[in-house]
Amino acid sequence: MPIQLLPPEVADKIAAGEVVERPASVVKELVENSIDAGATDIRIEIRDGGRRLIRVADNGCGIPADEVALAFARHATSKLSRVADLDGIATLGFRGEALPSIAAVSQVALLTRPREQAIGRYLRVEGGQITRQEGRGSPAGTVVTVEQLFYNVPARLKFLRQPQTETGHIHQVVTHYALAFPTIRFHLIADDRQLFQSAGNGDRYDVLIAILGLEVAEQMLALEEPEELPAGPSVSGFVGSPTLHRANRHYLSFFVNRRWVQDRSLSHAVVEAYHTLLPVGRQPVAVLFVELDPGEVDVNVHPTKREVRFRDGQKVFAAVQRAVRRTLVERAPMPHPPWAGPSGSTWPSPARPAPGWGWERRQAILSAGQEEPLTGQMAMDWYRPADREQEPQPVGPVRLPLLRVVGQVGQTYIVAEGPQGLYLIDQHAAHERVLYERMMAEHRRQGVTSQSLLEPLLLDLDPILAGVLADQLDQLNQIGFDVEPFGGTSYLLRAVPSLLAGPDIQAAVVDILEMLRLGDDPLAVQAEERLIAAVCKRAAVKAGQTLSHEEMQRLVRQLEECESPRTCPHGRPTVIHFSVERLEREFGRR
Ligand code: ADP
Ligand code: MG
């Protein structure tokens with residue numbers, strides 16, 4: 001097909017699809033506009049998770065009457081005029097696409113008045129077309145009302161989650177901007193209930209308390225004053241003391257020049273800074289602000305502007321890691337992992353086995369143009385993918401032989417011996433597999449055994465997790481939970497799958513909801529299997545837990561009896577096998 005210009009109505013929707021993924025994207029764009037307009041008070045009102053209504057009202061600079069219509073034209077912006085401006089963007093918006101993209105997929109009304117004008121301007125846009133325009137009385141500032149989002153894009157409507165989930169995402173957007181701009185007063189009202197409010201007094205810690213609650217906020221350590229580095233990135237914010245941790249990395253928030261961004265390498269920098277300070281498998285909580293010269297960061301990378309590119313990523317990474325680590329070392333107690341020496345030296349990372357000769361040999365043969373008959377071990381080497389040659393191979397999807405437990409390494413792996421060599425078993429992954437097959441079998445036969453709580457437990461969840469629970473309520477009640485809505489973001493829990501019975505059920509349920517929250521992934525298997533996998537992951541023995549010889553032996557027996565013993569329910573290997581041949585080769589016996 002030849003390259004062609006898309007008709008405008010198509011182009012509108014494609015761009016909208018990128019910028020406006022869900023109601024929270026609309027809120028993000030409108031709030032960014034209000035911030036760019038210099039507002040000190042921003043009020044966000046939503047209905048039905050934003051699907052029916054999103055209204056953002058600010059007391060910012062307003063739009064002059066003769067420019068209002070232009071604001072809805074694609075690539076119309078007041079924030080940049082030349083290509084060179086792109087190299088140092090100091091505003092949140094700059095693409096001139098938000099208003100037209102939103103207007104293309106909803107019904108928008110805009111009422112605006114700059115302080116110096118006597119009368120305001122009202123504009124209505126439906127499906128991208130301006131349908132009404134008139135002068136109107138208006139407070140100074142701008143009110144944008146978005147109704148019937150995606151009314152003309154059924155495919156997008158289908159992907160919207162329960163209103164509670166969408167509200168949760170909106171809550172996240174608003175709270176993050178409130179953190180980044182503590183001098184602005186934010187209000188979020190969902191279906192006439194106030195969900196969040198910040199004081200706008202400039203104190204970031206007050207905002208943190210409003211978001212996390214006092215109990216959690218008290219476990220956050222303020223980063224030390226950034227040292228003055230000429231032109232270097234400065235890092236400020238809060239990091240959780242090591243007593244505070246979560247099941248995943250969702251509680252790491254990053255702002256670059258006060259823009260809320262997602263960046264794996266920054267997450268990684270923080271997680272690294274906590275090395276050995278948190279229990280295995282747990283993730284830290286942090287809110288970090290990186291400030292650097294706008295010329296040092298490219299924000300024009302992604303339509304939603306949630307990703308940025310640093311000119312010198314390594315420098316930013318190092319600055320973040322240093323700042324976090326310094327705060328932790330100075331302010332937090334430093335426990336040693338049980339297997340580290342008294343000097344605090346950490347467990348040596350497992351040395352990679354030396355490269356076998358298969359790959360090099362093959363290269364040599366190929367480059368010499370030689371033909372060599374393939375026999376025995378060499379033929380085996382040929383079948384092994386070259387790039388995995390250096391890694392011990394996870395073994396295939398067949399049953400395990402009978403194994404004899406030799407011992408435990410790093411409180412994480414079980415060492416076992418079998419007829420074909422050495423087996424390293426990941427105790428957590430193996431136990432997950434065992435529990436998963438049992439629970440699935442129960443679920444298919446008579447239903448999962450459930451344990452009633454002595455007293456019903458009131459779960460008071462944050463809006464995001466409440467949304468996750470609302471989304472999965474029916475399925476959870478199919479797999480041994482007994483949970484019902486109790487108004488707002490509260491739920492009443494009466495029973496849990498027996499596997500979860502034990503102390504601190506509340507924490508267990510929260511961890512499971514956290515795991516499910518990651519489950520937007522369309523590749524995921526059936527909902528109930530996914531839930532069962534999450535329950536088993538939470539119930540399984542953890543890495544870092546000492547097991548007795550009997551416990552290890554029992555676990556290995558149970559693993560041997562599994563249908564698919566070689567992977568955990570999430571597809572990671574449970575067992576790594578070093579064949580006798582391989583050991584001999586590595587030791588130069590062959
Ligand atoms: P961008 O923010 O990338 O410039 P938008 O489509 O979001 O593009 O907005 C277009 C223009 O409309 C902005 O450049 C700004 O001049 C004006 N505008 C939008 N929202 C507001 C607001 N709340 N207050 C003042 N001006 C606004
Ligand atoms: Mg904008």
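Atoms within a ligand are numbered from 1 in the order they appear, just like the ligands themselves. This structure is a prediction, so every number in the text was calculated from the model and none was measured.
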Among all protein heavy atoms, pick out the one at the shortest distance from [atom]; state its residue, atom name and that distance to 0.1 Å.
{"atom": "atom 3 (O) of ligand 1", "value": "Gly96 N, 2.7 Å"}
{"atom": "atom 21 (C) of ligand 1", "value": "Asn33 CB, 3.9 Å"}
{"atom": "atom 15 (C) of ligand 1", "value": "Ser78 OG, 3.5 Å"}
{"atom": "atom 10 (C) of ligand 1", "value": "Ala76 O, 3.7 Å"}
{"atom": "atom 4 (O) of ligand 1", "value": "Thr77 OG1, 2.5 Å"}
{"atom": "atom 22 (C) of ligand 1", "value": "Thr142 OG1, 3.8 Å"}

Query raised in the report: Considering only heavy atoms, does Leu99 approach ligand 1 within less than 4.0 Å through its side chain, its backbone, both, or neither?
Result: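 It is both backbone and side chain that touch ligand 1.
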Do [X] and [Y] have side-chain N/O donor and acceptor atoms under 3.5 Å apart?
{"X": "Glu126", "Y": "Tyr151", "value": "no"}
{"X": "Tyr177", "Y": "Glu32", "value": "yes"}
{"X": "Gln283", "Y": "Asn248", "value": "no"}

Query raised in the report: For the Mg ion (ligand 2), how many protein N, O or S atoms lie at less than 2.8 Å?
Result: 1
Quick one: pull up [atom1] in [X] and [atom2] in [Y] and give me the separation to the nearest 0.5 Å.
{"X": "Thr142", "Y": "Asp58", "atom1": "OG1", "atom2": "CG", "answer": "4.5 Å"}
{"X": "Gln107", "Y": "Asn152", "atom1": "CD", "atom2": "CG", "answer": "8.5 Å"}
{"X": "Leu473", "Y": "Phe481", "atom1": "CG", "atom2": "CZ", "answer": "11.0 Å"}

Requested in this report: Could you point out which residue of Arg161, Arg517, Met515 forms a side-chain contact (heavy atoms from CB on, under 4.5 Å) with Val468?
Outcome: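 Of Arg161, Arg517, Met515, side-chain contact (heavy atoms from CB on, under 4.5 Å) with Val468 is met by Arg517 alone.
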Query - side-chain contact (heavy atoms from CB on, under 4.5 Å), paired with Thr145, selected from Leu30, Val56, Leu53 - result: Leu53
Query raised in the report: Which ligand 1 atoms, with their elements, are less than 4.0 angstrom from a heavy-atom of Ala71?
Result: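 Contacts of ligand 1 toward Ala71, numbered from 1: 10 (C), 12 (O).
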Report summary line: Note: ligand 1 atoms sitting under 4.0 Å from heavy atoms of Ile63 are 17 (C), 18 (N), 25 (C), 26 (N), 27 (C)
State if [X] counts as touching ligand 1 under the rule of any non-hydrogen atom under 4.0 Å.
{"X": "Gly60", "value": "no"}
{"X": "Pro100", "value": "yes"}
{"X": "Glu29", "value": "no"}

Requested in this report: Consider every N or O of Ala37 and every N or O of ligand 1, then say whether any pair is closer than 3.5 Å.
Outcome: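 No: no nitrogen or oxygen of Ala37 is under 3.5 Å from one in ligand 1.
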Query raised in the report: Between Asp58 and ligand 1, is there a nitrogen or oxygen pair with a distance under 3.5 Å?
Result: yes
Is [X] salt-bridged to [Y], cutoff N-O under 4.0 Å?
{"X": "Arg47", "Y": "Asp192", "value": "yes"}
{"X": "Glu97", "Y": "Arg74", "value": "yes"}
{"X": "Arg22", "Y": "Glu166", "value": "yes"}
{"X": "Glu134", "Y": "Arg132", "value": "yes"}

Query raised in the report: Do Phe255 and Phe289 make the cut of ring centroids closer than 6.0 angstrom?
Result: yes
